[in-house]
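Right, one structure below, let's go through it.
What's counted below: heavy atoms across the whole structure, side chains too, no hydrogens, waters or symmetry copies.
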2 protein chains.
Amino acid sequence: MRANVSPATVSRVLNQSKPVSKAVREKVLKVVEELNFNPNAVARSLAMKESKLIGVLIPGIDSVFLSKFVNILEEEFFKHNYTTLLCNTRCDDDIEKDYLRLLKDKYVDGVVLMTSHPKPHQIEFFEQVDIPAVFAGHTDPTKQFSSVNINNYQAMYDAARYLLENGHQRIGLFGGPFIYRQAMERLSGYRQALADYGIGYDESLVFANDYDIEHGYENGMKLFRREDKPTAVCCVSDMVAIGAIKAAEEYGLRVPEDISIMGFDDIRLAKAYRPGITTIRQPIKELSVQAAEMLLQQIRQKENYIKETRVLAHDIIVRGSCMAVTG
Amino acid sequence: MRANVSPATVSRVLNQSKPVSKAVREKVLKVVEELNFNPNAVARSLAMKESKLIGVLIPGIDSVFLSKFVNILEEEFFKHNYTTLLCNTRCDDDIEKDYLRLLKDKYVDGVVLMTSHPKPHQIEFFEQVDIPAVFAGHTDPTKQFSSVNINNYQAMYDAARYLLENGHQRIGLFGGPFIYRQAMERLSGYRQALADYGIGYDESLVFANDYDIEHGYENGMKLFRREDKPTAVCCVSDMVAIGAIKAAEEYGLRVPEDISIMGFDDIRLAKAYRPGITTIRQPIKELSVQAAEMLLQQIRQKENYIKETRVLAHDIIVRGSCMAVTG
DNA sequence: CTGTTAGCGCTTTCAT
DNA sequence: ATGAAAGCGCTAACAG
């Protein structure tokens, strides 16, 4: 073109795909510089059937936990020259399907799924398109997909056990919507811990709704007014715990003296809150970095990639929102 | 093709770009349905020089305020068939430049800028590429760009005045980094209010760093130990206020009896916190919806679009973290 | 090593 | 109203 070379040559120097003589390479580079030329990504995608785009399917970004997760994902992808497509499904399978189709048409190079389950439509989709995918924060028990996650069952088991060990006999659960596998797993952990300590399951002590502060508050307002209220409750997120604490205080209950409240996630606020929130820490940074790594590797290796399901360790962080029952 | 019609015809029915006889249209539609055919977005982009992609340039998504903002943006764009490209600049101009170039190469149809200023490189870029753009949460005083924002100067002025009216004479400011125009404007509002009430500006009372909880805490730990500590402080975000409250309590200071702490944004947590945080409310939903609307309109009208700078009203929300000085 | 050619899958003149 | 053909800007295969 301008530098009296063929477009093919330009392509070759820019992509270092084929050897080019030093002289020519430098000339091309110089002209590229001068014209401030940069190759058109769309045309490139069309020719190569790849886009340097990664889709992130997520219920919504409006949560401290998830936004942090995506923040790190974006950073990792950017480092490797991939751009992040934000796809909020709002827990709506139809939207998820739409997005999946769209992602395919845009030749995305991979997708990270932060929506629940391997659902039928997801399985069907990935059976016919073969786009690298990894579940993050959700585990695929069928091992059809790679995934990184903590062991949600064990995590909630540990939370409940901690309370049990501290003498609590009556423990509530402010869980997530049980359409999420994740929420179900946590429920199971909670139930098993109770069972292991010889305590009967009381359904009236468990609530199932969203992970936000308002629901923690609502649940608390319903539960803590009752005569037979628990002495402790396990929450599905720190935000729910904060809402629950507010409700408790509204009834004049002191936390933790009158009621212990346990969080989940260990967001930064959990530490700053008063009382500090005793919580189950999710290794969010590791979770997201590894999700990105696994996806990138899968993109590189394609056929040869071996699926993995990674389970990272959680921790219990003891702060001030829980205490042993006295008397 | 399969339906013994030319690709041109298919294109025409799918895009309704040219009249097609009813008979043929229906046949095509049926075959499309059967084959579960959907048009390739990349090829389409290449031919049309548009992508149905919108870039969102933002310092980071890891903040309650910003993640909520982006959450709504995504929803609006999705409604209109646009997909959101998440571009975290981490306040780094080089990353911002990289992203801008990338967005251009991907033929994004528009971009919303949540990074500060109209900076030189932004101006230069948009001069030569003519991609619709709108600033959100930042105002362009030169009116070269459309923008939606609140009046940050007035907002902080009002915050300070509220404190002044309540008898405070010594008021601190936990502001943002002054490289942000937004932070500068808020500083000006604070200073002007002080001046209007005949109070001298004491630089040792103002801090300038990030909008997060940790910095609120740090600032508080430095300031509240001093003999000459203020009786009130204006914070640049609710998170900073929460951090400041924690610091105050660590020194045995009661909020608001011993010190008043004022927030900014009115995130949901501000209401749930104890004490409830007196704060300046930003109409976040309106801000983001209008940003999306303005951009979409600009995309539709292109040449004929008339730039706008919208300024939305803020509010002061009185809760429990501030009180009048007694004595 | 480098230029020529074809083609990615769509939209869009231009004929018919 | 519809088909044929060109072209969007790039990469890949094939010559030379």
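Listed pair B:S11 / C:dT12 fails the phosphate criterion, with no side-chain N or O lying under 4.0 Å from OP1 or OP2. The side chain of B:S21 places an N or O atom within less than 4.0 Å of a non-bridging phosphate oxygen (OP1 or OP2) of D:dT2. In terms of phosphate contacts, B:N40 brings no side-chain nitrogen or oxygen within less than 4.0 Å of OP1 or OP2 of C:dC8.
Closest approach of A:P141 to A:R181, counting heavy atoms only: CG-NH1, 3.5 Å.
Mapped onto DNA chain D by nearest heavy atom, B:P19 and B:A43 fall at different nucleotides, with B:P19 at the one closer to the 5' end.
Per the geometry, CG belonging to B:D105 stands 12 Å off C1' belonging to D:dC10, to the nearest Å. The interatomic distance linking B:L14 (CG) with C:dT11 (P) rounds to 7 Å, in whole Å. One can place NZ of B:K22 at 13 Å from P of D:dT2, the figure rounded to the nearest angstrom. Taking atom OH on A:Y107 and atom C1' on C:dC10, their separation rounds to 10 Å, with Å as the unit.
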How far apart are the C-alpha atoms of A:D93 and A:K119, what are their side-chain angles, what is the distance that settles it, and do they pass the salt bridge (charged side-chain N to carboxylate O under 4.0 Å, His left out) test?
CA-CA 9 Å; A:D93 281 359; A:K119 290 179 242 177; 2.8 Å; yes
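Looking at A:S51 and A:K106, their side chains never come closer than 4.5 Å, going by heavy atoms from C-beta outward. Between B:T309 and B:S146, every side-chain heavy-atom pair lies at or beyond the 4.5 Å cut-off.
Side chains of A:R44 and A:N15: a donor on one and an acceptor on the other come within 3.5 Å.
Qualifying ring pair (Phe, Tyr, Trp, His ring centres under 6.0 Å) partners for B:F69, counting only residues two or more places apart in sequence or in other chains: none. With sequence neighbours excluded, the residues that form a salt bridge (Lys or Arg N to Asp or Glu O under 4.0 Å) with B:E308 are B:R310. Residues satisfying the salt bridge (Lys or Arg N to Asp or Glu O under 4.0 Å) test with B:E76, not counting sequence neighbours, are B:K79.
Listed by residue number, the members of residues 46-54 of chain A with any heavy atom below 4.0 angstrom from DNA chain C are A:L46, A:A47, A:K49.
The aromatic rings of B:Y211 and B:Y180 sit tilted relative to each other, their planes meeting at an angle between 30° and 60°.
End-to-end axis angle of the helix from C:dC1-D:dG16 to C:dT16-D:dA1, from C1' rotation axes over five pairs per end: 40° (rounded to 10 degrees).
Ion pair B:E74/A:R90 flagged as a salt bridge, since at least one NZ, NE, NH1 or NH2 atom sits closer than 4.0 Å to an Asp/Glu carboxylate oxygen.
Nucleic acid contact for A:V24: sugar-phosphate only, since backbone atoms but no base atoms lie under 4.0 Å from a heavy atom of the residue.
Relative to the side chain of B:N15, the nucleotides D:dA1, C:dT11, C:dC8 differ in distance, and C:dT11 lies closest.
A ring-centre distance under 6.0 Å is found for A:Y99 and B:F78.
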Where do N or O atoms of nucleotides 13-15 of chain D meet protein N or O atoms at under 3.5 Å, pair by pair?
from	atom 1	to	atom 2	distance (Å)
D:dA13	N6	A:R12	NH1	3.4

